Amino acid sequence: MARHLITSALPYINGIKHLGNMVGSMLPADVYSRYLRQRGHDVLYICATDEHGTPAELAAKEQGIPVADFCAQAHDAQKAVYDGFALDFDYFGRSSSPQNVEITQHFARRLNENGFIEERAIRQVYSPADGRFLPDRYVEGTCPHCGYDKARGDQCENCTRVLDPTDLINPRSAISGSTDLEVRETKHLFLLQSKLENEVREWVARHDKDWPQLASSIAHKWLTEGLHDRAITRDLDWGVPVPADTWPELAAEGKVFYVWFDAPIEYIGATKEWSDLDPENRDWKSWWYDVDTDVRYTEFMAKDNVPFHTVMFPATELGVREPWKKVDYVKAFNWLTYYGGKFSTSQKRGVFTDQALDILPADYWRYFLIANAPESDDSSFTWEHFTATVNKDLADTLGNFVNRVLSFSKKRFGEEVPAGGEPGEAERKLGEQIAELLAEYESQLESLQFRKAAAALRALWSAGNSYLEEKAPWLEIKTNKDGAALTLRTAMNLIHLYAVVSQPFIPTTSAAMREAFDLSGDTATWVSPTEAKSLTAVPAGTPFTVPPVLFAKLTDEDLETYKERFGGEPA
């Protein structure tokens, strides 16, 4: 089986993430990783908190604690939420780790040796009120492109254009709010992306037929505009230090690398963190170094992160002139909106992941988000849509099917799977249908089409309901007890199949369905379409129990409560 390296965009450290962050990277990466593991592939799913940069310093300052302490606490808080969502990372690291410092500094030295880093004197915003140079994100103002009045000095959150602080209209200090800003000369390191542009262009072109249109178009847009040399150091107290053995003057001034230089390297750094926990059995370089034909590397991210991963980081890897693994497939997502407006961490608009788990268990959210993933375009979260999806798909189609079958069988045949007669034409047709739907489900997951995969899974669940309605064992038992027993045994086999193949979407519920059957030696990791035709995994005589309600229906009162708490439209 293939080896699959999977990463999702690093969640930034300043606060709990919203549902848009979850569906735009980590959750689909988890679904895909779980599916691949079930199919027998060797999978390594790596993620980490992105801990350097201005927002971390500002958040720590606001709380009155050292930035290192703030990041340690915030990392643990985020990891607890991701555990609550059942995200099955192989490792969830930290970009402030010694491993990332080591590898980032190695990359910088190699780029310098190869002539792709240059020290330049530049004019930078200085705040007399704060007594310091202001890095990009310490400067706020109005975007010159779209007029958004809360744009940061590195990127406009509204239109996603990359900016320099001097581009902003009416700039102000993000620390003190002072508009008394000056422009002074200071020295920084620049990555000479212009010298690497042709190599990046050729590399991107090789992926044109493979990458989804969203990722490819964004990469080409950046290349069309031309790659510019970019400063990769900042005047901050918190970050990967510029190595003194290579740039002693800048190191003495306390320069650190820009967060967007070291953050993508943390994918490698986090893998080394993972490896260092068990170095005798884990080899981080076997995933990252000189492995182009052995490892398939898939990245998951929202569209605002695409330029950095399809152009800027590949430029860094190419410039190092070492055989580091580069991404094979970029799964890019549009945005999940909240009633048509943007989720916003900074403005506390929308539903945040910790709040979601306070309301309902993770599987409700996992299914809804993937079934409505913003793949081809932006999609909108509304409480009305969420409630309808939960009630129709989870509570009625899946949950009610499981409860009806097991409760009725227990009442009429006891606590063991009934035998009944031999399968007939209805069962043969069902087996063919299930095999076809399962093949479709596999195909969509293989091609990373998550909404289509969710539709195929929903169709699998619906097929069980249609079979049950057609056979109607509650009527059949009156005239053909063996026939009713056969129907229920077949339906129980469907429940077991649903438990196995639904695991990537709803792992906790899948475990509960599977545990309903006392099947010693049940080690199935997947069900092939051929195996699904027979529906014999749960034989007659198998003890079973009726699990608690899998999914509770949401009421009109619940809907109104949610809307009152979070608002029924964006602020």
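For clarity, every value in this text was computed on a predicted model and none was experimentally measured. Throughout, residue positions are numbered sequentially from 1 according to the sequence presented.
- Remark: Y329 engages no residue in a ring pair (Phe, Tyr, Trp, His ring centres under 6.0 Å) (not counting sequence neighbours).
- Applying the side-chain hydrogen bond (donor to acceptor under 3.5 Å, both in side chains) test to every pair with at least one member in residues 55-74, sequence neighbours left out, gives these pairs: E57-Y138.
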Name the atoms and distances for all side-chain donor-acceptor pairs under 3.5 Å in residues 224-231, with sequence neighbours left out.
from	atom 1	to	atom 2	distance (Å)
T224	OG1	H220	O	2.7
E225	OE2	K221	NZ	3.1
D229	OD1	Q193	N	3.2
D229	OD1	S194	N	3.1
D229	OD1	S194	OG	2.8
D229	OD2	R120	NH2	2.8

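- Judged purely by distance below 3.5 Å, without hydrogens or angles, the side chains of E51 and T49 pair a donor atom with an acceptor atom.
- Between R321 and E199, at least one side-chain nitrogen of the basic residue sits less than 4.0 Å from a carboxylate oxygen of the acidic one, meeting the salt-bridge criterion.
- In this structure, F313 and F261 have side chains that are not in contact, with every pair of non-hydrogen atoms separated by 4.5 Å or more.
- Note: S33 OG to I46 CD1 = 10.0 Å, rounded to the nearest 0.5 Å.
- In terms of modelled atom types and a separation under 3.5 Å, the side chain of E375 and the main chain of K452 share no donor-acceptor contact.
- No donor-acceptor distance shorter than 3.5 angstrom exists from the side chain of D304 to the backbone of T160, with no hydrogens or angles considered.
- If you check the side chains of S8 and Y45, you find a donor sitting under 3.5 Å from an acceptor.
- Annotation: ring pair (Phe, Tyr, Trp, His ring centres under 6.0 Å) contacts of W284 (sequence neighbours excluded): none.
- Applying the side-chain hydrogen bond (donor to acceptor under 3.5 Å, both in side chains) rule to pairs touching residues 251-265 yields H52-D262, N100-D262, T186-K255, D235-K255, sequence neighbours excluded.
- Within the structure, every pair that satisfies the salt bridge (charged side-chain N to carboxylate O under 4.0 Å, His left out) test and touches residues 200-209, not counting sequence neighbours, is listed here: E197-R201.
- Annotation: ring pair (Phe, Tyr, Trp, His ring centres under 6.0 Å) contacts of F450 (sequence neighbours excluded): none.
- For the residue pair H18 and Q355, no side-chain donor N or O sits within less than 3.5 Å of a side-chain acceptor on the partner.
- Using a 4.5 Å heavy-atom threshold, the side chains of Q213 and S376 count as separate.
- A salt bridge (charged side-chain N to carboxylate O under 4.0 Å, His left out) check over residues 163-181, counting only residues at least two apart or in different chains, returns the pairs E140-R172.
- Applying the salt bridge (charged side-chain N to carboxylate O under 4.0 Å, His left out) criterion to R296, with sequence neighbours excluded, gives no partner residue.
- The pair R234-D136 meets the salt-bridge criterion, since a charged nitrogen lies less than 4.0 angstrom from a carboxylate oxygen.
- Panel note: side chain H41, backbone A2; a donor-acceptor pair is recorded below 3.5 Å.
- Pairs passing the salt bridge (charged side-chain N to carboxylate O under 4.0 Å, His left out) check and including a residue from residues 76-88, sequence neighbours excluded, read R37-D88, K79-D83.
- Between the side chain of E266 and the backbone N or O of R94 there is at least one donor-acceptor pair closer than 3.5 Å.
- Using a distance-only test at 3.5 Å, with no hydrogens or angles considered, no donor-acceptor pair links the side chain of K150 to the main chain of N158.
- N14 places no side-chain N or O within 3.5 Å of a backbone atom of P55 that could act as its donor or acceptor partner.
- At least one donor-acceptor pair closer than 3.5 Å links the side chain of N114 to the backbone N or O of V320.
- Nearest heavy-atom pair across D130 and S173 is OD2-OG, 2.7 Å.
- Y267 is listed as a side-chain neighbour of H309, based on a closest heavy-atom distance under 4.5 Å.
- Here the side chains of S275 and K285 are not in contact, with every heavy-atom distance at 4.5 Å or above.
- Here the side chain of S217 pairs a donor or acceptor atom with the backbone of L214 at under 3.5 angstrom.
- With salt bridges taken as basic N to acidic carboxylate O contacts below 4.0 Å, none links E299 and K331.
- With sequence neighbours excluded, the residues forming a salt bridge (charged side-chain N to carboxylate O under 4.0 Å, His left out) with D276 are K272, listed by chain and number.
- Cation-pi check for K325 over W287 is not met; the charged atom does not lie both under 6.0 angstrom from the ring centroid and within 45 degrees of its normal.
- Donor-acceptor pairing under 3.5 Å is lacking for the side chains of R451 and S379.
- Between P171 and P165 the shortest side-chain heavy-atom distance does not fall below 4.5 Å.
- Inter-residue side-chain proximity for Q124 and V183 is flagged as unmet; no heavy-atom pair is nearer than 4.5 Å.
- Annotation: side chain of L189 is in contact with side chain of W247 (closest heavy-atom distance under 4.5 Å).
- Considering only residues two or more places apart in sequence or on other chains, F116 meets the ring pair (Phe, Tyr, Trp, His ring centres under 6.0 Å) condition with none of them.
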